[in-house]
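Below is one structure, written out as C-alpha cells; comments come after it.
Side-chain atoms are counted along with the backbone in the values below, which use heavy atoms only and exclude waters and symmetry mates. Only a predicted model underlies this, so the values are computations on that prediction, with no experimental measurement involved.
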Amino acid sequence: MNLVNFINSAIKHIQRGVVDRKSFFRHPVLASTDGPNIFQRIVVMREFDFEKKGIVIFTDSKSQKVGQILNYPECSLLFWDPRKKLQISIQSKSHIEIDSSHYWSKINDRQQKDYSVNPPPKSEIKAHDDYEFSDQNRFTVINLTFKSMDVLQLSDQGHIRATHDFENNTQSWVSP
C-alpha cells in the first residue's frame with residue numbers, strides 16, 4: 001500500500017461528503033472549547049477547498065461555537081464511515097468569515113429561517129415549540145483549515161493508520 005495514495009484517498013472521501021448527501025463524511029463531528037470544557041456537535045459540511053485543505057460550515061452567530069471559535073480557534077473534526085470502517089480525525093484552525101453574502105444567496109428560504117430563531121440557540125424555553133422566527137439574520141460562515149490529519153482504516157486483515165501534517169507537508173505511517 002502506498003502512503004501518498006492512502007492519504008489522498010482519505011482527502012477524497014472528505015471532499016465527496018460535500019456533494020454526496022448519502023456520504024457519512026457529509027456530517028462530521030466538530031469539537032471546540034471554551035477553555036476548561038470541550039463541546040462536540042454534528043455539523044454539515046457545505047464546501048471543501050481541495051487546494052487549501054479546508055471546509056466551510058454554516059451556523060447561527062449566537063451559537064456557542066461562534067464564541068468558542070473566536071476565543072479558541074483550534075478545533076477538531078471527526079469523520080466516520082461505518083461501512084468502510086474508516087475514521088479520519090482532523091486538527092484545524094478556524095475563523096469566522098467576514099462576508100457571508102456569497103453563501104447566503106445559495107441557501108433556500110427554509111434554510112435561511114434556521115438562522116433567525118428567536119430566542120437564540122440554546123436559550124431556555126417553556127415548551128418544545130416556544131420559539132419563533134424573526135427578521136434578524138444571524139447567518140454565519142465558519143472556515144476550518146486543516147493543520148493535521150490522522151487516518152485509521154479498520155480491517156480484519158490488520159488495521160492501517162497514517163498521519164499527514166498539512167503545515168509541514170509531511171506524512172508517515174503510524175501504529176494503529
Next on the checklist: Counting C-beta onward and ignoring hydrogens, is there a side-chain heavy-atom pair between H95 and L144 closer than 4.5 Å?
Outcome noted: no
Checklist outcome for this item: Closest non-hydrogen atoms of K22 and R83, given as atom of the first, atom of the second and distance, are O-NH2, 4.2 Å
Checklist entry - What pairs with D114 under salt bridge (charged side-chain N to carboxylate O under 4.0 Å, His left out), at least two apart in sequence or on another chain? => result R110
Next on the checklist: Looking at every heavy atom in both D130 and P119, which two are closest together, and how far apart are they?
Outcome noted: O-CD, 4.1 Å
Checklist entry - Could R16 and D20 be called an ion pair, given the rule that one side-chain N must be under 4.0 Å from one carboxylate O? => result yes
Item to check | Expected output: side-chain Q171 to main-chain A162 donor-acceptor under 3.5 Å | outcome: no
Item to check | Minimum heavy-atom distance S92-S76, with the two atoms named | outcome: OG-N, 4.5 Å
Checklist outcome for this item: Sorted by chain and residue number, the side-chain contact (heavy atoms from CB on, under 4.5 Å) partners of D99 (sequence neighbours excluded) come out as S101
Checklist outcome for this item: With sequence neighbours left out, the residues meeting side-chain hydrogen bond (donor to acceptor under 3.5 Å, both in side chains) with N168 are D165
Checklist entry - So Y131 and N118, side chain to side chain contact (heavy atoms under 4.5 Å, CB included) or not? Walk me through it. => result CA-CA 6 Å; Y131 63 89; N118 193 23; over 6 Å; no
Next on the checklist: Using the salt bridge (charged side-chain N to carboxylate O under 4.0 Å, His left out) criterion, which residues pair with R46? Sequence neighbours excluded.
Outcome noted: none
Checklist entry - Under a single-linkage definition using a 4.5 Å side-chain heavy-atom cutoff for Ile, Leu, Val, Met, Phe, Trp and Tyr, are V66 and V117 assigned to the same hydrophobic cluster? => result no
Checklist entry - Apart from V44 itself, which Ile, Leu, Val, Met, Phe, Trp or Tyr residues share its cluster (side-chain heavy atoms under 4.5 Å, direct or through members)? => result none
Next on the checklist: I'd like to know if D150 pairs up with R161 as an ion pair, taking the criterion as any Lys NZ or Arg NE/NH1/NH2 lying under 4.0 Å from an Asp or Glu carboxylate oxygen.
Outcome noted: yes
Item to check | F39 and T33, any side-chain heavy atoms less than 4.5 Å apart | outcome: no
Checklist entry - Other hydrophobic cluster members with L152, side-chain heavy atoms of Ile/Leu/Val/Met/Phe/Trp/Tyr under 4.5 Å, chained? => result W80, L154
Item to check | Smallest separation among heavy atoms of A31 and Q40, with atom names | outcome: CB-CG, 4.0 Å
Next on the checklist: For a quick check under 3.5 Å, do Q68 and D34 share a side-chain donor-acceptor pair by atom type?
Outcome noted: no
Next on the checklist: Is there a continuous path of hydrophobic side-chain contacts, each under 4.5 Å between heavy atoms, that joins M1 to I11?
Outcome noted: yes
Next on the checklist: Can you list everything that forms a salt bridge (charged side-chain N to carboxylate O under 4.0 Å, His left out) with R21? Sequence neighbours excluded, please.
Outcome noted: none
Item to check | pair I90-S148: side-chain heavy atoms closer than 4.5 Å | outcome: no
Sequence neighbours excluded and cut-off under 3.5 Å, please list the side-chain donor-acceptor pairs for residues 51-62, or say none.
residue, atom, partner, partner atom, Å
K53, NZ, F50, O, 2.4
T59, OG1, S63, OG, 3.0
T59, OG1, K65, NZ, 3.1
D60, OD1, K62, N, 2.7
D60, OD1, R138, NE, 2.9
D60, OD2, R138, NE, 3.3
D60, OD2, R138, NH2, 2.9

Checklist outcome for this item: Cluster membership besides L78, Ile/Leu/Val/Met/Phe/Trp/Tyr side chains within less than 4.5 angstrom, sorted by chain and number, is V29, I42
Next on the checklist: Whether the side chain of S155 engages the backbone of H159 through a donor-acceptor N/O pair (distance < 3.5 Å, no angle test) should be reported.
Outcome noted: no
Checklist entry - If we only count heavy atoms from C-beta on, is the I14 to F146 side-chain gap below 4.5 Å? => result yes
Item to check | Atom pair NZ/CD of K122 and Q64 - distance to nearest 0.5 Å | outcome: 4.0 Å
Next on the checklist: Measuring only between side-chain heavy atoms, which start at C-beta, is Y72 closer than 4.5 Å to S32?
Outcome noted: no
Next on the checklist: Please evaluate residues T145 and S94 with respect to the criterion side chain to side chain contact (heavy atoms under 4.5 Å, CB included), reporting the C-alpha separation (whole Å), side-chain torsions for both, the decisive distance (0.1 Å), and the verdict.
Outcome noted: CA-CA 6 Å; T145 304; S94 59; over 6 Å; no
Checklist entry - Stepwise, does the side chain to side chain contact (heavy atoms under 4.5 Å, CB included) test hold for E97 with H102? => result CA-CA 11 Å; E97 186 82 22; H102 164 72; over 6 Å; no
Next on the checklist: What's the separation between atom OG1 in T140 and atom OH in Y115, rounded to the nearest 0.5 Å?
Outcome noted: 9.0 Å
Next on the checklist: With heavy-atom distances below 4.5 Å as the criterion, would you say the side chains of K85 and Q153 are in contact?
Outcome noted: yes
Item to check | F79: ring-ring contact (aromatic ring centres under 6.0 Å, His included) partners, not counting sequence neighbours | outcome: F25
Checklist entry - Could you give the distance from NZ (K93) to CG (N143), rounded to the nearest 0.5 Å? => result 13.5 Å
Checklist entry - Looking at residues at least two apart in the chain, or sitting in another chain, which of them share a side-chain contact (heavy atoms from CB on, under 4.5 Å) with S100? => result F139, V141
Next on the checklist: Just checking F133: does its CZ atom have more than 12 heavy atoms from other residues, nucleotides or ligands closer to it than 6.0 angstrom?
Outcome noted: yes
Checklist entry - Less than 4.5 Å apart, any side-chain heavy atom of P28 and any of V43? => result yes
Checklist entry - Ignoring hydrogens and geometry, is there a side-chain-to-backbone donor-acceptor pair from S134 to Q136 under 3.5 Å? => result yes
Checklist entry - If we only count heavy atoms from C-beta on, is the I7 to M149 side-chain gap below 4.5 Å? => result yes
Next on the checklist: If you apply the rule side chain to side chain contact (heavy atoms under 4.5 Å, CB included), what do you find for C75 with L30, and how did you get there?
Outcome noted: CA-CA 7 Å; C75 294; L30 171 67; 3.8 Å; yes
Checklist entry - With distance as the sole test, does Q87 use its side chain to make a donor-acceptor pair with the main-chain N or O of V151 at under 3.5 Å? => result no
Checklist outcome for this item: Taken in chain and number order and not counting sequence neighbours, the residues that satisfy salt bridge (charged side-chain N to carboxylate O under 4.0 Å, His left out) with K84 are D81
